[in-house]
Amino acid sequence: MECKHVSELLPWYLNETLPEGERADVEHHLAACPACGDDLGRAHKAFELFNQHLPSRVLVDYAADGEAAGWETSLIENHLRDCEECSMELTLTRQSLLQLESREKRGGAGHGRRFSRFYLFNGLAAVLIAALGVGWLMTWQDLQQSMEPQAGYRVVDLFPQEAAQRSGMDDKTALDENTNGIAVTLHSQLPLDNGPWRLEIRENDRLIWEKDKLHRDPDGRFTLILPATMLPEGALTVLVYSGDEKTASEHYRLLLDR
Amino acid sequence: MQAVQNLVHSGGMIRTDPSPIYMNDTERRPSLTDQQLVDRFLDNDTEAFQQIDDWIRAASRSFRFRLGDHWEDAQQEIRLEVMRLLRRKSFQGRSSLKTYVWKVVCHSCIDYLRKQHSKTFTTLENLGEKEAVTADPLDSLSQSDTAKALLGILQKVPEECRNLWRMILAGLPYAQMAGSLGISEATTRVRVHRCRQKAAALREKAGI
């Protein structure tokens, strides 16, 4: 590994998101190269800076009082605008206060426990009745919907590329602005026992979507629901394979027309 | 201590014996001051434990989803932390006991969340020993000052750099970063490197 390459990988090395092999190579190089060792020190300084968050004390004080002792409010608010993690933690902290207050308003623990069985049984009965009602409604709606095509989704059956070409099945799937997504069924001919299966969707060499541990039905088919906004127009390649070495794989072609 | 063990083992749901002090809730709530509650808590009173444990559970509920399987463990740690702090007489009565417990719960939950997601950094010196130190333990006052200074510097870094590094911290590779920014991969590499140098230089200038 060259110094330049190692230097480029340092942010991900520090972030622990390098693949194991690459990480080992970087460590091996760092142990032998003092110049890159210095570079690691500088990269760590940058990493620490960019990975800086508000201390939990400051977040909790800010959630409670809108300020924190010894801290400029503008600094806190500027950071909160930038940092999703701190912002999420602040939201959770505020929710926590609301939950505590609402629990107290309901009468606290002892009081609540006294009535909890009453509420629990009545609540369960209400949920059961509601579930039965919703179940009946959904069954009725399913019956209605099964008689007409589902609006907003295109249903696409894909066969392995070679089989599709042999039989001349290379139809375009039309998407319009009302299409929410496509439901794709891959009629795989791969052996059933070679899982777990992974899937990649590419436009030329650009990876658009990937998924691990793909579910397969007993007939060997894979089913995917893909949001329309995610998919570009044109020819996409769908690759299904098992194992890192792609020991068993199949290509599918998905043609989209907007 | 028996009451503590009962709480720890049962999540605070089982009462060992009826309290001789309180006849009912309406009698208990208005009559007890925070300090009395603390004293009884430290005196292993089951009702006092129950009250504080209820606050802990209510306050930590919003973190439940984020903590996932660790929620129960986090609660146990919080119970022990509250007990430790009250034994050390850290509660001074500046706010109500409920607010104090809420703050301890939120502190602990945030720190627990961060501990779960914190990255470890292997220094060059201990590469061979495979030892690691956590990157972000901000407990002491001096560390809090350092955090304040670093956040001040971070605000001076151009927004473009902060965005780039946000993607790096999310684990995106160069190719995906380039795709998302609409620039070439080579340009992304150069920008990341420049931002790194800029950040290191700003820290050096500030002497941190």
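Naming: A, B, ... by sequence-line order, numbering from 1 per chain.
Proximity to chain A is limited to the side chain of B:Val157, based on heavy atoms less than 4.5 angstrom apart. The contact between B:Tyr174 and chain A is made by backbone and side chain atoms together, counting heavy-atom distances below 4.5 Å. Neither the backbone nor the side chain of B:Leu202 comes within contact range of chain A; no heavy atom of the residue lies under 4.5 Å from a heavy atom of that chain.
Within 6.0 Å of the CG atom in A:Asp65, the count of heavy atoms belonging to other residues, nucleotides or ligands exceeds 12. Shown here is A:Arg202, whose CZ atom has more than 12 heavy atoms of other residues, nucleotides or ligands within 6.0 Å. The environment of CZ in B:Arg194 is sparse: at most 12 heavy-atom neighbours from other residues, nucleotides or ligands sit within 6.0 Å. Few gaps surround CD on A:Glu77; more than 12 heavy atoms of other groups in view lie less than 6.0 Å from it.
In this structure, the separation between CD on A:Glu89 and OG on B:Ser62 is 11.5 Å, given to the nearest 0.5 Å. Considering CG of B:Leu154 and SG of A:Cys83, their distance stands at 9.0 Å, rounded to 0.5 Å. In this structure, B:Gln155 CD and A:Arg81 CZ are separated by 8.5 Å, a value rounded to the nearest 0.5 Å. Rounding to the nearest 0.5 Å gives a distance of 5.0 Å between CG of B:Leu169 and CG of A:Asn51. A:Leu75 contributes atom CG, which lies 8.5 Å from atom NZ of B:Lys148 (distance to the nearest 0.5 angstrom).
Distance alone, capped at 3.5 Å, is enough to place a donor-acceptor pair between the A:Asn15 side chain and the B:Ile168 backbone. In this structure, the side chain of A:Arg42 does not engage the main chain of B:Ala200 through any donor-acceptor pair within 3.5 Å.
Heavy-atom minimum distance, A:Leu49 versus B:Ala199: CD2-CB, 3.6 Å. Taking each heavy atom of B:Ala147 and A:Trp71 in turn, the nearest pair found is C-CH2, 4.0 Å. For the residue pair B:Ala59 and A:Leu100, the shortest heavy atom distance occurs at N-CD1, 4.3 Å. A:Ser56 and B:Asp111 get closest at one heavy-atom pair: OG-OD1, 3.0 Å. Minimum interatomic distance between B:Trp102 and A:Ala64 (heavy atoms only, all atoms of both residues): CZ3-CB, 3.6 Å. Heavy atoms only, all atoms of each residue included: B:Leu172 and A:Trp12 are closest at O-NE1, 2.7 Å.
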Does the side-chain contact (heavy atoms from CB on, under 4.5 Å) test come out yes or no for A:Glu8 and B:Val192, once each step is laid out? CA-CA 8 Å; A:Glu8 283 177 355; B:Val192 168; over 6 Å; no
Item to complete: Would you please test A:Asp82 and B:Arg166 for side-chain contact (heavy atoms from CB on, under 4.5 Å) and show each step?
Response: CA-CA 9 Å; A:Asp82 263 1; B:Arg166 211 172 292 141; 3.8 Å; yes
Check: Hey, mind stepping through A:Asp39 and B:Arg196 against side-chain contact (heavy atoms from CB on, under 4.5 Å) and telling me if it holds?
Finding: CA-CA 10 Å; A:Asp39 201 19; B:Arg196 212 169 86 187; 3.1 Å; yes
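Each of B:Leu150, B:Thr146, B:Ile153 was checked for a side-chain contact (heavy atoms from CB on, under 4.5 Å) with A:Gln52, and the lone residue meeting it is B:Leu150.
Here B:Cys161 is the residue among B:Gly179, B:Ala175, B:Cys161 with the most heavy-atom pairs under 4.5 Å with chain A. No other option in B:His193, B:Gln197, B:Arg162 has as many heavy-atom pairs under 4.5 Å with chain A as B:Arg162.
Of residues 90-98 of chain A, those residues with a non-hydrogen atom less than 4.5 Å from any non-hydrogen atom of chain B are, in numerical order, A:Leu92, A:Thr93, A:Gln95, A:Ser96, A:Leu97.
Salt-bridge annotation for A:Glu101 and B:Lys98: present, with a side-chain N of the basic residue lying under 4.0 Å from a carboxylate O of the acidic one.
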